[in-house]
Amino acid sequence: MENSSQESHLRSENSVTYDSSYPIYAMAFSSFTSSLPSRRRRLAVGSFIEEFNNRVDILSFDEDTLTLKPVPNLSFEHPYPPTKLMFHPNPSASLKTNDILASSGDYLRLWDVRETSIEPLFTLSNNKTSEYCAPLTSFDWNEVEPRRIGTSSIDTTCTIWDVEKGVVETQLIAHDKEVYDIAWGEAGVFASVSADGSVRIFDLRDKEHSTIIYESPKPDTPLLRLAWNKQDLRYMATILMDNNKIVILDIRSPAMPVAELERHQASVNAIAWAPQSCRHICSAGDDGQALIWELPTVAGPNGIDPMSMYSAGAEINQIQWSAAQRDWIAIAFSNKLQLLKV
């Protein structure tokens with residue numbers, strides 16, 4: 001890859017690595033602070049083992065000593081690999097003294113993360129008629145309305161849960177094919193991406209209609225991931241299956257991307273907007289690169305180069321950008337979780 005004039009390399013001395021005994025996929029940063037020192041945070045990591053028995057471990061990250069260690073007793077078995085993990089986005093508003101973790105796989109599950117143990121809170125299923133369930137591909141926890149979690153499923157639906165009551169608020173047939181990801185914008189507005197190649201926006205005040213704001217250039221090319229820019233809700237990002245570009249969308253001008261970031265050398269697997277900036281996004285892929293991009297106000301004729309890059313040396317499956325410790329990005333590759341200081 002050609003270095004642009006402003007590109008910098010994230011250095012390995014600014015990284016912390018955790019070696020797991022199994023492949024890692026799902027990851028989440030906690031925002032919970034009440035019982036932990038201010039510069040110590042928790043992360044959850046999920047195994048990716050292609051069988052029923054999987055695990056979730058809670059790690060403690062100390063920013064002062066740059067150590068990342070499993071927390072004794074804070075580990076639990078999980079049915080199937082978790083497709084996503086997420087901590088409560090606004091724990092101070094939940095009036096709970098413990099952190100809450102959500103996971104998706106066969107069902108949506110909520111876990112009570114205590115000081116020395118983890119207890120299951122809910123297993124949420126909307127399937128009343130069969131012992132079998134359609135796997136959940138992803139979910140998103142609503143920051144503005146934390147009682148709401150939206151899930152996406154291979155059965156073409158998105159389900160909105162009221163997790164405080166443990167009941168379904170609504171279920172929508174969202175797409176023509178499997179739904180691969182979901183993201184909240186506002187309290188009652190979410191978007192989803194699908195194997196049908198479309199990005200659709202839904203407003204819970206008008207459940208009968210959705211707005212298609214983007215479709216794959218090649219028909220039926222699946223869209224795998226969706227990230228809504230929380231600092232500027234006009235923008236979202238998506239990635240296509242087996243494709244090296246990140247598509248940046250402006251919901252005010254549907255159909256035409258405002259930018260396409262095409263400097264990865266192989267398929268992109270994950271995207272995450274910076275939690276503190278509306279113009280920065282991180283991407284990672286099969287080329288082993290984690291790239292940070294600054295979106296210009298006007299794109300030049302030769303496309304956009306990343307402002308910084310990190311090479312993991314193996315295919316990166318997942319990234320998360322910490323909202324609580326905004327200088328840190330987590331990447332997962334093979335059986336490693338690595339924290340990068342940006």
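Quick note: numbers below take in every heavy atom, side chains included, and nothing from hydrogens, waters or symmetry partners.
Judged by distance alone, with hydrogens and angles left aside, the side-chain atoms of R225 form a donor-acceptor pair with the main-chain N or O of Y180 at under 3.5 Å. With hydrogens and angles disregarded, no donor-acceptor distance shorter than 3.5 Å links the side chain of T238 to the backbone of V247. Side chain of S216 to backbone of G197: a donor-acceptor contact under 3.5 angstrom is found. Without hydrogens or angle criteria, N54 side chain to I49 main chain gives a donor-acceptor distance under 3.5 Å. Judged by distance alone, the side chain of S31 and the main-chain N or O of P89 form no donor-acceptor pair under 3.5 Å. Checked by atom type and distance alone, the side chain of S267 never pairs as donor or acceptor with a backbone atom of N244 at under 3.5 Å. When atom types are taken as modelled, the side chain of S125 and the backbone of Y107 share no donor-acceptor pair closer than 3.5 angstrom. Listed for the W161 side chain is no donor-acceptor partner under 3.5 Å among the backbone atoms of T151.
Looking at M236 and V199, their side chains come closer than 4.5 Å, going by heavy atoms from C-beta outward. Looking only at side-chain heavy atoms (C-beta outward), F48 and N317 stay at 4.5 Å or farther from each other. Two residues are said to be in side-chain contact when any heavy atoms from C-beta on lie closer than 4.5 Å; I331 and F333 meet this criterion. The side-chain heavy atoms of S20 and L337, taken from C-beta on, include no pair separated by under 4.5 Å. Within the 4.5 Å cutoff, side-chain heavy atoms of I201 are placed close to those of W228. Contact check for L261 versus I281: side-chain heavy atoms found under the 4.5 Å cut-off. Proximity of F139 to M86: side-chain heavy atoms (C-beta onward) are separated by under 4.5 Å at one or more points. For the pair L240/K218, no side-chain contact is recorded, criterion being any heavy-atom separation below 4.5 Å from C-beta on.
Aromatic pair W273/Y235: centroids not less than 6.0 angstrom apart.
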**Message:** If you apply the rule side-chain hydrogen bond (donor to acceptor under 3.5 Å, both in side chains), what do you find for S138 with S152, and how did you get there?
**Reply:** CA-CA 5 Å; S138 187; S152 56; 4.7 Å; no
**Item:** Worked check of side-chain hydrogen bond (donor to acceptor under 3.5 Å, both in side chains) between D57 and S75
**Value:** CA-CA 4 Å; D57 295 322; S75 177; 2.5 Å; yes
**Request:** Take I246 and H264 through the side chain to side chain contact (heavy atoms under 4.5 Å, CB included) test and state the conclusion after the steps.
**Result:** CA-CA 9 Å; I246 302 103; H264 277 282; 3.9 Å; yes
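Clustering of Ile, Leu, Val, Met, Phe, Trp and Tyr side chains at separations under 4.5 Å places Y80 together with F52. Hydrophobic clustering, defined by side-chain heavy atoms of Ile, Leu, Val, Met, Phe, Trp and Tyr closer than 4.5 Å, leaves M256 isolated from every other such residue.
Below 30°, between 30° and 60°, or above 60°: for F202 and F190 the angle between ring planes is below 30°, a parallel geometry.
Taking every heavy atom of both residues into account, A237 and I271 meet most closely at O-CD1, 3.4 Å. A pairwise comparison of heavy atoms in R200 and D176 identifies NH2-OD2, 3.6 Å as the closest pair. Contact detail for D305 and R263: the closest heavy-atom pair is OD1-NE, 2.6 Å. Between A272 and W321, the shortest heavy-atom distance links the atoms O-CE3, 3.8 Å. When every heavy atom of C133 is checked against every heavy atom of D106, the shortest pair comes out as SG-O, 3.3 Å. Summarising the geometry of V113 relative to R42, their closest heavy-atom pair is CG1-NH1, 3.7 Å, with the distance given to 0.1 Å.
One distance of note links CD1 of I248 with CD of E260; it measures 9.5 Å at 0.5 Å rounding.
Screening K84, R109, H78 for a side chain to side chain donor-acceptor pair (under 3.5 Å) involving S103 leaves a single residue, H78. With K177 as the fixed residue, the salt bridge (Lys or Arg N to Asp or Glu O under 4.0 Å) test singles out one of D220, D155, D196: D220. None of S283, C282, S308 except one satisfies the side chain to side chain contact (heavy atoms under 4.5 Å, CB included) rule with L291; the exception is S283.
A salt bridge is defined here as a Lys NZ or Arg NE, NH1 or NH2 lying under 4.0 Å from an Asp or Glu carboxylate O, and D250 with R234 fails to meet this definition.
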